[in-house]
Amino acid sequence: MPEVPATPPSTLVRARHIAMQEGLQFVYTGNVRHREGDTSYCPHCHATLIERDWYQIVQYRLTPAGHCPDCGAQVAGRFDGQAGNFGRRRIPVPINSV
Ligand SMILES: [Zn+2]
């Protein structure tokens, strides 16, 4: 849809804040560079758990069992003991092969 302008980043940030005010715990801005909006925070003590810069993980603080290291809260999801190294890269998706 090239005729539709891109959503302004400020709209994405505002939508993220609205979702969090409504009680969603893990809301991300996505597809824009927004460090705060790319970061996962502890739903209990709000400590930084996974800090991302675009697709690069710059800080990974979850315990191997998926707990916050500061307050011990269990974080929903499945986690590895350490951050992966996915980084920035493109992965081709064959959309005509199905
Ligand atoms: Zn915590």
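All ligand and atom numbering here is 1-based and tracks the order in the structure. Positions are given from 1, in the same order as the sequence printed here. Reckoned from all heavy atoms, side chains included, excluding hydrogens, waters and symmetry mates.
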Legend entry - Cluster link Ile50 to Val32, ILVMFWY, side chain under 4.5 Å: no
Inset, instruction - Would you indicate whether His44, at its atom NE2, is surrounded by more than 12 heavy atoms from other residues, nucleotides or ligands within a distance under 6.0 Å? - result: no
Legend entry - Contact flag His44/the Zn ion (ligand 1), N/O/S atoms, threshold under 2.8 Å: no
Inset, instruction - Could you tell me whether the Zn ion (ligand 1) has an N, O or S atom of Cys42 under 2.8 Å away? - result: yes
Legend entry - SG (Cys45) to the Zn ion (ligand 1) to SG (Cys68) angle, given to the nearest 10 degrees: 110°
Inset, instruction - Examine distances only and state if a side-chain atom of Arg33 and a backbone atom of Trp54 form a donor-acceptor pair shorter than 3.5 Å. - result: no
Legend entry - Donor-acceptor under 3.5 Å (Arg61 side chain, Thr48 main chain): yes
